[in-house]
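Atoms within a ligand are numbered from 1 in the order they appear, just like the ligands themselves. Position 1 is the first residue of the sequence, and the numbers go up from there. Side chains included, hydrogens not; waters and symmetry mates left out as well; all remaining heavy atoms used.
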Amino acid sequence: MPRTALCTALALALAATFPALAATAPEAARRLAQDAVIVDTHIDAPGLLEGAWTDLGEPAPDREFDYPRAREGGLDVAFMSIYTSARRDEDGSARQSAHAQIDSVEALAARHPDRFALLTSPGDVERLRAGGRVLLALGMENGAPLGDDLAQVQRFHDRGVRYITLAHSANNRIADSSYTQDKRWNGLSPFGREVIAEMNRLGIMVDVSHISDAATEQAVAASRVPVIASHSALRHFTPGFERNLSDALARAIAERGGVIQIPFGTAFVNPQAAADTQAYFRAIDAFDRRNAEHAAAGRPAEDRAAFVERWDREHPSPATAIDAVLDQIDHAVKLVGIDHVGIGSDFDGVDGNLPDGLRSVADYPNLVAGLQARGYAEADIRKLLGGNLLRVWAEVEAGAAR
Ligand SMILES: [Zn+2]
């Protein structure tokens, strides 16, 4: 769809403020980005909205996702990440947080019915995106809000959740995390297997991003339908970083029909940043355990915020080129085939630590230009941008009906 004059004016205003957002991609790339259905499976806007409401239907220059830039970049389906941390799992606030974040996504659509619509089925994409709407789908990052209650899977399906990332930075009731040193279940828990069966029954995609190798292998085997990795890069480039998929696991996902959504965040695609990220989660894990011991012994807690601040200061995110993301896509396509790769940026979830040229939802044309420069055919670029994810989603939906 051609950009409207209004969007162009907004884009120019934004480009003046943020030169990195200027329309640098060639016209052919911009045209394809507008025409293709772009599905980004991981945008962390709702967690920020929960902390401080921002109307993302209007320009929100301190965020990486807003309506004007989504249109500028050609984004059609934005999976809003309903993210809850391991700490919220522990203190019992994860379920309320998830509902509050879903409320905020609903509010965006309700305030701007001409700009946003909620999306719960891949079959509705063409109809709902007419008129330039950006479609908001829901992915739950961390199964913590389910607690130990299987009925919550249905509850969150009713609210629109269409994928669940089984765990996040810590082992939870469902699965082990890639970030922990001491695994709790050696993969999935018995409850985790029930959750997967229930997700299959309802048509919620199983997301293996963030979980341990053993949990990923078991989830792929346990699911009756293809699984996704909503935002996982390949470990090939980041040796020892369990958060990224090994070649063997990527192949296992693809062999069962699933799709690997490549993230943009520097922490996933830059080897140094990945090593730092792995080390951070180990360090914060140890820090939290130390504080738990302090609490048990009646000693005062160490300052967590100060620890995190010092860590960030000592581990600055390295400058990264867009080629790091293109290299990931190339490797994934060679490894598992063009039908099993997509994109899950992690915008608004990585503190702005992103490659040059991929800094917000305005920048998908730069990715398209990079793929064109590497010789990808138009039909293949369309698969990578969203076609593959929509196919898997439709399969998961069809599986639920059976
Ligand atoms: Zn994540």
Side-chain angles (χ1 to χ4, degrees), residues 39-51 63-65 78-89 94 97-98 101 105 137-146 161-172 174-180 204-213 215-216 219 227-235 238 241-245 249-250 253 259-270 273-282 284-285 308 312 317 320 325 328 342-355 358 361 389:
V39 182
D40 186 327
T41 41
H42 206 82
I43 297 178
D44 272 302
L48 297 176
L49 292 182
E50 190 193 8
R63 301 289 169 89
E64 288 152 6
F65 170 83
F79 269 87
M80 297 279 101
S81 171
I82 306 302
Y83 161 70
T84 53
S85 65
R87 302 186 86 203
R88 299 207 102 156
D89 195 7
S97 171
Q101 291 178 58
V105 176
L138 300 178
M140 176 182 275
E141 182 174 32
N142 194 355
L146 305 178
V161 169
R162 289 299 180 271
Y163 76 68
I164 298 175
T165 316
L166 300 178
H168 187 251
S169 66
N171 310 325
N172 65 9
I174 297 168
D176 289 334
S177 168
S178 60
Y179 285 141
T180 52
I204 299 176
M205 292 180 278
V206 174
D207 177 18
V208 299
S209 285
H210 280 290
I211 63 178
S212 70
D213 282 357
T216 300
V227 309
I228 67 167
S230 70
H231 59 309
S232 286
L234 292 159
R235 201 178 305 165
T238 59
F241 187 41
E242 193 179 355
R243 169 69 182 82
N244 282 343
L245 291 167
L249 286 173
I253 291 167
V259 64
I260 295 137
Q261 304 284 100
I262 301 295
F264 303 164
T266 303
F268 309 114
V269 301
N270 180 301
D276 288 347
T277 303
Q278 175 98 337
Y280 168 79
F281 278 102
R282 297 249 155 105
I284 198 76
D285 196 32
V308 173
D312 286 345
S317 182
T320 303
V325 175
Q328 286 275 351
I343 54 170
S345 64
D346 221 347
F347 283 137
D348 281 324
V350 290
D351 297 325
N353 296 320
L354 289 155
L358 281 179
V361 290
L389 188 284

Donor on one side chain, acceptor on other, [X] and [Y], under 3.5 Å:
X: His42; Y: Tyr83; result: no
X: Ser177; Y: Ser169; result: no
X: Thr180; Y: Asp285; result: no

Could you pull out the closest heavy-atom pair between Phe65 and Asp348, with the gap in Å?
->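 Between these two residues, the closest heavy atoms are N-OD2, 3.2 Å.
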Atom name of the N, O or S atom in Glu141 that lies nearest to the Zn ion (ligand 1) |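 Of all N, O or S atoms in Glu141, the Zn ion (ligand 1) lies closest to OE2.
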With a cut-off of 2.8 Å, does His210 place any N/O/S atom under that distance from the Zn ion (ligand 1)?
->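 Within the cut-off used here (under 2.8 Å), His210 does place an N, O or S atom near the Zn ion (ligand 1).
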Verify the distance test for His168 against the Zn ion (ligand 1): any N/O/S atom under 2.8 Å, yes or no.
->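 It does not: His168 brings no N, O or S atom closer than 2.8 Å to the Zn ion (ligand 1).
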